[in-house]
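Written below as structure tokens is the structure these notes are about.
Just so you know, these numbers use all the heavy atoms, side chains as well, and skip hydrogens, waters and symmetry mates. Here, residue 1 is the first one in the sequence, and each next residue gets the next number.
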Amino acid sequence: MVEFNQQLLVNSLKAEYKHQDLPFSLHIFNTLSSTNQTLWQLIDQGEKPGSVVIATQQTAGRGQWGREWQSDKGGLYLSMAIAPNLAATSSYQLTLASAWGITAQLRKFRIPVGIKWPNDLVLDGRKLGGILTETKVNQGQITQAIIGVGINWANQVPETGINLQLWQNSQNCQMFDHLEILTSQVLIGIKSGIECLQTEGINILLSHYLDVLTNMGDQVYVNNFLGKVVGVTQEGNLRLKMTTDDAKATLTPEISVQPGTISLGYRQTSVS
């Protein structure tokens, strides 16, 4: 296994930020239990926003709602510290912003990534990566947050997954030659997504997010009632317009469901 090339990552970031100081403090490890966990420890030791932990392998990677995140060698596993000025009730906006920022950045390289609500990056209808946001709250405000990202690069993936290296081979086109180049673009994407949220506000960010949401128009059942996905709320809940059998009803009722309460699953949208 080739070691992670920190200088290649730094050079790629310098190409983006040119004459500016890099906005990241990089900490690179071979094997960790969890990049999020290690970054929290570094923050406790005085590390500041912009600190990044990268591992070539995680032994106890975590996904949303406590699920295990398979983190074999060959994938991208990183966490970034940020200091958002957000109410605790708006914490999911950080996930929406990060997901959109990464998606938009990869699309600049003609990789047609989309978002599966709420936090999965998808390519050809299969899971390319995911995001886990963790926060610390004081008096109703988020004082510290970590954005954790896992993306399949050259690692083994389940049937519902896809890795970027194999996808590039199927396209006969190398958008990214190295894991380190992908890493730089993911960091740039997270930063741009969070900046959009902080400078443009949630409404603008949400409109960008919905533009790349693959679930728009999907039909899902909630308590045996059929609904159609029509959007996402500012809190990150899925908006569903429900069907009704009541011929006298003048309005179709709309509900919102919280992340983790329903699963939208994966569907193959194209064949490579």
Side-chain angles (χ1 to χ4, degrees), residues 23-24 36 39 48-50 52 63-65 78-108 113-122 128-151 185-218 220 222 227-242 253-264:
F24 310 110
N36 272 25
L39 186 48
K48 300 290 190 278
V52 175
Q64 287 280 14
W65 307 294
L78 67 79
S79 299
M80 181 193 296
I82 60 174
N85 182 22
L86 275 181
T89 52
S90 301
S91 63
Y92 227 91
Q93 294 178 9
L94 300 174
T95 299
L96 304 182
S98 302
W100 170 75
I102 295 169
T103 298
Q105 192 65 26
L106 295 184
R107 284 183 167 220
K108 291 180 181 179
V113 180
I115 298 171
K116 183 177 86 71
W117 178 82
N119 65 317
D120 283 355
L121 307 176
V122 295
L128 178 68
I131 295 167
L132 175 65
T133 302
E134 295 178 334
T135 60
K136 288 187 177 177
V137 174
N138 185 30
Q139 295 182 339
Q141 290 290 118
I142 299 172
T143 55
Q144 295 171 319
I146 286 177
I147 309 295
V149 179
I151 292 183
Q185 299 310 310
V186 169
L187 290 175
I188 292 164
I190 297 170
K191 189 171 186 295
S192 67
I194 298 298
E195 285 178 349
C196 176
L197 174 63
Q198 292 176 333
T199 59
E200 303 289 335
I202 183 55
N203 289 330
I204 297 296
L205 185 278
L206 202 51
S207 70
H208 294 327
Y209 178 91
L210 294 179
D211 283 343
V212 294
L213 185 67
T214 61
N215 307 109
M216 291 295 284
D218 281 3
V220 295
V222 179
K228 184 172 79 170
V229 176
V230 294
V232 174
T233 71
Q234 292 187 359
E235 295 76 33
N237 297 342
L238 193 67
R239 292 173 51 212
L240 298 173
K241 184 164 279 190
M242 307 306 292
E254 184 177 304
I255 67 170
S256 69
V257 293
Q258 293 181 334
T261 54
I262 63 171
S263 175
L264 299 180

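Ile146 contributes atom CD1, which lies 3.5 Å from atom CG of Leu39 (distance to the nearest 0.5 angstrom). Distance check: Thr135 OG1 to Tyr92 OH gives 11.5 Å after rounding to the nearest 0.5 Å. The CG atom of Leu197 sits 8.5 Å away from atom CD1 of Ile82, with the distance rounded to the nearest 0.5 Å. Between the OG1 atom in Thr95 and the CG atom in Leu132 there is a gap of 7.5 Å [rounded to 0.5 Å].
Counting all heavy atoms, side chain and backbone alike, Asn36 lies closest to Gly148 at OD1-CA, 3.3 Å.
With sequence neighbours excluded, the residues forming a ring pair (Phe, Tyr, Trp, His ring centres under 6.0 Å) with Trp100 are His208, listed by chain and number. A search for side chain to side chain contact (heavy atoms under 4.5 Å, CB included) contacts involving Lys108 returns Gln105, not counting sequence neighbours. Here Arg107 pairs with nothing under the side-chain hydrogen bond (donor to acceptor under 3.5 Å, both in side chains) rule; sequence neighbours left out. Evaluation of the side chain to side chain contact (heavy atoms under 4.5 Å, CB included) rule for Thr89 yields Ala87 as partners, not counting sequence neighbours.
Panel note: side chain Ser207, backbone Ile204; a donor-acceptor pair is recorded below 3.5 Å. Under the 3.5 Å distance criterion, the side-chain polar atoms of Thr143 are matched with a main-chain donor or acceptor of Lys136.
Within 6.0 Å of CD on Gln141 lie more than 12 heavy atoms contributed by other residues, nucleotides or ligands.
Sequence neighbours left out, the pairs with a member in residues 190-201 that pass side chain to side chain donor-acceptor pair (under 3.5 Å) are Lys191-Glu195.
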Quick one: side chains of residues 230-240, donor-acceptor pairs under 3.5 Å with protein atoms, not counting sequence neighbours, listed by atom name and distance.
| unit_1 | atom_1 | unit_2 | atom_2 | d |
| --- | --- | --- | --- | --- |
| Thr233 | OG1 | Glu235 | N | 3.3 |
| Thr233 | OG1 | Glu235 | OE1 | 3.3 |
| Thr233 | OG1 | Gly236 | N | 3.4 |
| Thr233 | OG1 | Asn237 | N | 3.0 |
| Gln234 | NE2 | Asn203 | OD1 | 2.8 |
| Arg239 | NE | Glu254 | OE2 | 2.7 |
| Arg239 | NH2 | Glu254 | OE1 | 3.3 |
| Arg239 | NH2 | Glu254 | OE2 | 3.3 |

